[in-house]
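Step one of this worksheet: look at the structure below.
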Amino acid sequence: METVWEAKVFSTGIILFLIVSVIVTLYCIYFLIKSRSTPEWGVGKIVCIALIAVLALINLQSIIDRYTELQYALRNSTTVEGEVENFQYDLNGADSFSVNGVNFSYPVMESSIGYDIPKREKNSVIEAEGQYVKITYYSKYGVNIIIKIETIY
């Protein structure tokens with residue numbers, strides 16, 4: 001078995017938001033340093049400081065939420081192994097399938113860590129009916145959320 005997809009705290013979305021936040025923060029720091037010669041607190045300085053604080057809080061909260069959810073998922077996970085059955089994919093991305101009677105559907109809006117790459121995307125792991133997989137998942141609000149996929153190639 002080879003792990004081909006696994007939930008992580010730092011996803012592409014989190015990393016991109018962190019990069020944008022760093023760029024905005026550096027620009028604000030540059031603005032604050034450049035305007036240091038002005039003795040009064042202008043609106044620009046207040047906005048920059050507030051923006052840095054808000055971005056830091058959003059990034060911190062996102063990372064904490066994903067870490068907490070991933071730890072919960074790992075503690076409450078179950079594994080199923082077998083062939084992909086009842087595979088249905090929609091060009092809009094609403095894929096679904098089952099493995100040994102366990103149903104999976106994605107993209108899952110309730111989870112920020114679950115597998116959600118539809119077949120129409122080139123890096124999709126679930127490709128066809130009959131594909132042999134081992135899936136680690138947990139249930140949340142009656143939905144099975146995939147946190148790890150292993151395959152045999």
Side-chain angles (χ1 to χ4, degrees), residues 1-32 46-153:
M1 294 297 246
E2 175 188 2
T3 300
V4 291
W5 186 88
E6 191 168 9
K8 296 183 177 16
V9 172
F10 289 99
S11 67
T12 304
I14 294 286
I15 292 170
L16 287 174
F17 191 75
L18 280 170
I19 291 169
V20 169
S21 297
V22 167
I23 291 168
V24 169
T25 300
L26 290 173
Y27 178 77
C28 282
I29 290 170
Y30 170 76
F31 173 79
L32 290 171
I46 294 170
V47 168
C48 274
I49 291 170
L51 189 58
I52 291 170
V54 167
L55 288 174
L57 287 173
I58 290 171
N59 279 305
L60 186 61
Q61 188 63 46
S62 295
I63 292 168
I64 289 170
D65 287 349
R66 287 183 64 87
Y67 177 80
T68 303
E69 184 174 358
L70 187 55
Q71 292 308 305
Y72 174 83
L74 292 171
R75 281 192 310 274
N76 297 290
S77 66
T78 306
T79 302
V80 64
E81 186 172 343
E83 291 184 1
V84 171
E85 304 164 336
N86 306 315
F87 182 57
Q88 298 177 351
Y89 68 94
D90 185 348
L91 292 177
N92 295 325
D95 294 0
S96 64
F97 66 94
S98 62
V99 175
N100 284 335
V102 180
N103 297 316
F104 299 97
S105 180
Y106 51 87
V108 178
M109 298 306 167
E110 293 89 9
S111 173
S112 60
I113 64 165
Y115 178 79
D116 64 352
I117 305 168
K119 184 180 183 321
R120 63 185 161 79
E121 292 187 20
K122 68 178 182 178
N123 58 343
S124 175
V125 174
I126 306 300
E127 299 169 345
E129 185 107 9
Q131 178 183 6
Y132 195 85
V133 294
K134 180 178 179 184
I135 295 178
T136 304
Y137 68 97
Y138 75 108
S139 294
K140 182 177 180 182
Y141 307 121
V143 176
N144 295 323
I145 300 169
I146 300 170
I147 57 174
K148 184 177 182 181
I149 301 174
E150 298 172 90
T151 62
I152 297 176
Y153 282 106

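Positions are given from 1, in the same order as the sequence printed here.
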* Approximate separation, where rounding is to 0.5 Å, of Ile126 CD1 and Phe97 CZ -> 4.0 Å
* Results of side chain to side chain contact (heavy atoms under 4.5 Å, CB included) for Val102 - residues two or more places apart only -> Val80, Phe104, Tyr137, Asn144
* **Donor-acceptor under 3.5 Å (Asp95 side chain, Lys119 main chain)** => yes
* Heavy-atom pair with the smallest gap, counting every atom of Val99 and Gly82 -> CG1-N, 3.6 Å
* Do the side chain of Gln131 and the main chain of Thr151 share a donor and acceptor less than 3.5 angstrom apart? -> no
* Is there a side-chain contact (heavy atoms from CB on, under 4.5 Å) between Ile49 and Leu32 once you walk through the steps? -> CA-CA 9 Å; Ile49 291 170; Leu32 290 171; 4.0 Å; yes
* With sequence neighbours left out, write down each residue that passes side chain to side chain contact (heavy atoms under 4.5 Å, CB included) with Val22, or none if nothing qualifies. => Leu26
* To the nearest 0.5 Å, tell me how far Ile113 CD1 sits from Arg66 CZ. => 7.0 Å
* Spatial distance of atom OG1 (Thr3) from atom NZ (Lys134) [nearest 0.5 Å] -> 8.5 Å
* Tyr30: side chain to side chain contact (heavy atoms under 4.5 Å, CB included) partners, not counting sequence neighbours -> Lys34
* To do: Over all heavy atoms of both residues, which pair between Asn86 and Glu129 is shortest? Give the atoms and the distance, please.
  => N-OE2, 3.1 Å
* Structure fact -> side chain to side chain contact (heavy atoms under 4.5 Å, CB included) filter on Cys28, not counting sequence neighbours, yields Val24, Cys48, Leu51, Ile52
* **Within 6.0 Å of OH in Tyr89, more than 12 heavy atoms from elsewhere** => no
* Nearest-0.5 Å distance that lies between atom CG in Asn76 and atom CD1 in Ile145 -> 11.5 Å
* To do: Would you give the length of the straight line joining atom CD1 of Ile147 to atom OG1 of Thr78, rounded to the nearest 0.5 angstrom?
  => 9.0 Å
* Structure fact -> Contacts satisfying ring pair (Phe, Tyr, Trp, His ring centres under 6.0 Å) that involve residues 2-26 (not counting sequence neighbours) are Trp5-Tyr115
* If you take all heavy atoms of Ile14 and Val9, which pair is closest and at what distance? -> CG1-O, 4.0 Å
* Asked: Does anything in residues 8-29 pair up under side-chain hydrogen bond (donor to acceptor under 3.5 Å, both in side chains), and if so which pairs, sequence neighbours excluded?
  -> Ser21-Asn59
* **Ser77 to Tyr138 - nearest heavy-atom pair and separation** => CA-CB, 4.2 Å
* Nearest-0.5 Å distance, CD1 of residue Ile64 to CD of residue Glu69 -> 14.0 Å
